[in-house]
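Computed over heavy atoms, backbone and side chain alike; hydrogens, waters and symmetry mates excluded.
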Amino acid sequence: MKISSKKNTSSVEFTVEFDKNDLEPARIKALSRLARDVKIPGFRNGKAPANIVEQHVDPNQLASETLDIAVRTAIPKLFDGTDMMPISIPHVEIAKYVPGEMAEITVKADIMPDVKLGDYKKIVATYDEPEISEKDVDDVVERIAESFAESKVVKRAAKMGDEVIIDFVGKKDGVAFDGGTAKDFKLVLGSGQFIPGFEEGVVGLASGDKKDLKISFPKDYHVKDLAGQPVVFEVLVKQVNERAKLAIDDELAKKTGAFDNLAALREDIRKNLTSHASSEADERYKDELLAKLVDSSKTEAPATLVEEQFGHMKEDIMRNLKAQGATIEEYLEHRKQKLEEWEEEVRDAAKRRILGSIVIQKLADELGIEISDAEAEEQVERMKAAYKKDAEASKQLDDPQVKANIKNRMRVERTIDKLAEINKPNAKKSTKKATKAPAKKSTKKSEK
């Protein structure tokens with residue numbers, strides 16, 4: 001078997017020539033394989049001699065099977081003893097084939113590209129220690145007190161802060177629209193659950209009152225047919241509840257079931273806010289480090305991997321839009337983009353992600369970072385424990401490919417952690433105000 005190759009940065013093309021001596025072992029295997037499906041008088045299936053089997057099989061089928069076996073046997077050998085790592089399924093083209101005599105094929109494959117790392121020990125990225133203020137803690141305590149608020153029915157008009165139980169029907173041009181109808185809906189006035197004008201319109205209504213609220217959806221609303229459109233909500237107030245927020249004191253802390261006094265509750269809140277903010281600051285710092293390492297390194301992103309990543313990212317975006325009840329057309333209109341422009345943007349992001357993966361794998365090799373089988377197995381067991389109520393997810397963790405992916409992800413994470421450790425002395429503060437933990441609302445924005 002004669003092999004020649006042409007290699008560039010991220011792909012390789014082999015020319016492989018087989019002579020009759022190379023094809024003969026493949027022909028014998030092909031006859032053995034075909035013998036299983038051929039009935040020959042006097043022999044059990046698969047037990048007839050090769051020369052007898054050959055008399056009873058289709059010559060074209062034998063020729064095809066022989067070449068297939070020869071090619072499949074040859075491909076792994078093409079990369080033996082080289083530093084090339086294939087990252088795509090090789091594409092095979094038959095140039096010439098004379099059964100029993102010779103064959104010539106070309107094999108093309110994407111390979112892990114060469115990487116010249118930038119100086120990963122001298123990367124200057126920004127890192128800001130999170131600052132948690134007393135107000136940050138106060139906001140969380142207020143939300144806790146709000147969550148324990150006690151409600152009692154009142155016979156008066158609703159005001160901000162009250163909870164109302166309502167039925168409503170949203171109509172556009174006199175026709176009810178999807179997602180605009182509900183019965184016995186509990187709404188805390190002033191919570192910001194509904195579009196502007198809705199909650200304000202309910203203020204002043206008492207139990208039994210009806211009102212048509214004439215308001216408009218925001219211009220940037222995610223549903224195209226409703227964005228910026230005037231609508232009417234027919235509202236019936238069925239009950240008004242006055243909410244009495246608990247006093248912020250030691251008794252509130254005890255109601256959480258975990259603290260004896262307010263001071264202990266506040267300290268725990270501060271720790272949690274600090275931990276959350278620190279994690280976010282670390283992630284931003286690592287993202288910037290990796291971005292700068294990619295920029296300072298020289299390599300290529302194989303087209304096959306970019307297109308594969310592009311497909312995954314596009315699919316994820318589409319799935320999220322569908323879950324939100326929006327279409328790609330509405331999304332693009334909101335972004336003022338054409339489909340081609342958006343796809344190019346996603347493809348660029350996919351390329352960037354692939355480059356980051358290639359560079360970090362090279363850095364892992366440079367730093368000698370490896371994950372042992374035992375470490376990977378421990379992580380798998382922890383994940384199984386987390387998914388113990390999901391039999392299907394737990395079963396998937398036994399898949400060898402899934403385990404390999406987990407092991408690789410652990411290696412990537414450890415490498416990025418090491419990159420951050422190496423460059424922490426080089427970190428600088430940004431000119432922006434230090435990041436604080438985000439204040440989470442107690443209610444989600446309504447889709448109405």
Side-chain angles (χ1 to χ4, degrees), residues 87 127 130 132 136-137 140-141 143-144 147-148 253-260 264-287 289-290 305 308-309 311-313 315-320 322-324 350 353-354 356-361 363-365 367-422 424 435-444:
I87 54 177
Y127 183 85
I132 305 302
D136 294 326
V137 178
V140 177
V141 174
R143 292 198 294 275
I144 293 173
S147 69
F148 282 105
K254 291 176 182 178
K255 276 188 175 290
T256 66
F259 306 99
D260 294 329
L265 171 61
R266 291 181 65 88
E267 181 59 28
D268 186 71
I269 291 170
R270 182 180 296 280
K271 287 180 180 178
N272 287 332
L273 289 177
T274 301
S275 175
H276 180 75
S278 294
S279 294
E280 288 198 338
D282 288 342
E283 289 306 308
R284 284 192 297 272
Y285 176 64
K286 291 174 184 177
D287 287 346
L289 282 175
L290 181 55
L305 293 187
E308 182 179 308
Q309 184 65 44
H312 291 322
M313 293 173 69
E315 185 178 328
D316 285 345
I317 294 171
M318 294 289 199
R319 189 185 301 113
N320 289 336
K322 186 176 181 180
Q324 296 170 22
R353 189 171 294 183
I354 293 300
S357 178
I358 291 171
V359 167
I360 209 67
Q361 292 289 355
L363 179 60
D365 293 340
L367 296 174
I369 293 177
E370 296 295 342
I371 303 296
S372 69
D373 290 340
E375 288 177 299
E377 195 58 41
E378 284 179 12
Q379 177 63 16
V380 169
E381 290 305 315
R382 284 193 291 269
M383 294 175 72
K384 281 185 177 181
Y387 289 115
K388 61 182 178 182
K389 294 183 179 180
D390 189 335
E392 184 59 32
S394 183
K395 183 180 178 181
Q396 289 178 2
L397 291 171
D398 288 325
D399 186 320
Q401 185 58 52
V402 172
K403 288 185 175 182
N405 290 341
I406 291 171
K407 187 174 183 179
N408 183 64
R409 187 161 61 246
M410 292 174 67
R411 186 175 189 242
V412 168
E413 290 173 353
R414 186 170 296 180
T415 303
I416 294 175
D417 287 344
K418 186 63 177 179
L419 179 66
E421 178 187 325
I422 291 171
K424 205 60 179 286
T435 303
K436 296 180 181 179
K440 296 181 180 179
K441 292 186 177 180
S442 58
T443 55
K444 294 181 180 179

Just how far is it from atom [atom1] of [X] to atom [atom2] of [Y], taken to the nearest 0.5 Å?
X      : Y      : atom1 : atom2 : value
Ile354 : Leu305 : CD1   : CG    : 5.0 Å
Thr274 : Ile132 : OG1   : CD1   : 4.5 Å
Asp287 : Asp282 : CG    : CG    : 11.0 Å
Glu267 : Asn272 : CD    : CG    : 10.0 Å
Ile360 : Lys286 : CD1   : NZ    : 10.5 Å
Leu419 : Ile369 : CG    : CD1   : 9.0 Å

Can you tell me if CG on Asp260 sees more than 12 non-hydrogen neighbours from other groups inside 6.0 Å?
->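 No, the 6.0 Å shell around CG holds no more than 12 heavy atoms from other groups.
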
Begin with the C-alpha distance, continue with both residues' side-chain angles, and end with the deciding distance and a verdict on side-chain contact (heavy atoms from CB on, under 4.5 Å) for Asn408 and Gln361.
-> CA-CA 9 Å; Asn408 183 64; Gln361 292 289 355; 2.8 Å; yes

Residues two or more places apart in sequence or in another chain: which of them pass side-chain contact (heavy atoms from CB on, under 4.5 Å) with Ala404?
->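 With neighbours one apart ignored, the set is Gln401.
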
Whether Ser275 side chain and Lys271 backbone form a donor-acceptor pair below 3.5 Å =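 Side chain of Ser275 to backbone of Lys271: no pair is present.
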
Backbone N/O of Val137 and side chain of Arg266: donor-acceptor pair under 3.5 Å |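 No.
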
Can you sort out the partners of Phe259 under ring pair (Phe, Tyr, Trp, His ring centres under 6.0 Å), two or more places apart, ordered by chain and number?
->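 For Phe259, no residue satisfies ring pair (Phe, Tyr, Trp, His ring centres under 6.0 Å) once neighbours in sequence are set aside.
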
In sequence, state the C-alpha distance, the side-chain angles, and the governing distance for His276 and Glu280, and then conclude on side-chain contact (heavy atoms from CB on, under 4.5 Å).
-> CA-CA 6 Å; His276 180 75; Glu280 288 198 338; 3.3 Å; yes

Mind listing the side-chain donor-acceptor pairs of residues 389-398 below 3.5 Å, one per line with the distance, residues two or more places apart or on another chain?
{"unit_1": "Asp390", "atom_1": "OD1", "unit_2": "Glu392", "atom_2": "N", "d": "3.3"}
{"unit_1": "Asp390", "atom_1": "OD1", "unit_2": "Ala393", "atom_2": "N", "d": "3.1"}
{"unit_1": "Asp398", "atom_1": "OD1", "unit_2": "Lys384", "atom_2": "NZ", "d": "2.5"}

Using salt bridge (charged side-chain N to carboxylate O under 4.0 Å, His left out) as the criterion, list what pairs up with Asp316, not counting sequence neighbours.
->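 Asp316: salt bridge (charged side-chain N to carboxylate O under 4.0 Å, His left out) contacts with Arg319.
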
Compare every heavy atom of Ala364 with every heavy atom of Thr415, then report the nearest pair and how far apart it is.
->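 Nearest pair, atom of Thr415 first, then Ala364: OG1-CB, 3.3 Å.
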
What are the two closest heavy atoms between Ala420 and Leu289, and how far apart are they?
->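 Minimum heavy-atom separation between Ala420 and Leu289: CA-CD1, 3.5 Å.
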
Partner residues of Lys418 under the side chain to side chain donor-acceptor pair (under 3.5 Å) criterion, sequence neighbours left out =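 Checked Lys418 against side chain to side chain donor-acceptor pair (under 3.5 Å); matches are Glu421.
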
Where do Ile144 and Ile269 land on the side-chain contact (heavy atoms from CB on, under 4.5 Å) test, with the steps shown first?
-> CA-CA 11 Å; Ile144 293 173; Ile269 291 170; 3.9 Å; yes

So which pairs with a foot in residues 400-415 pass salt bridge (charged side-chain N to carboxylate O under 4.0 Å, His left out), sequence neighbours left out?
->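 Listed by first then second residue: Asp365-Arg411, Glu370-Arg411, Asp373-Lys407, Glu375-Arg414, Glu377-Lys403.
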
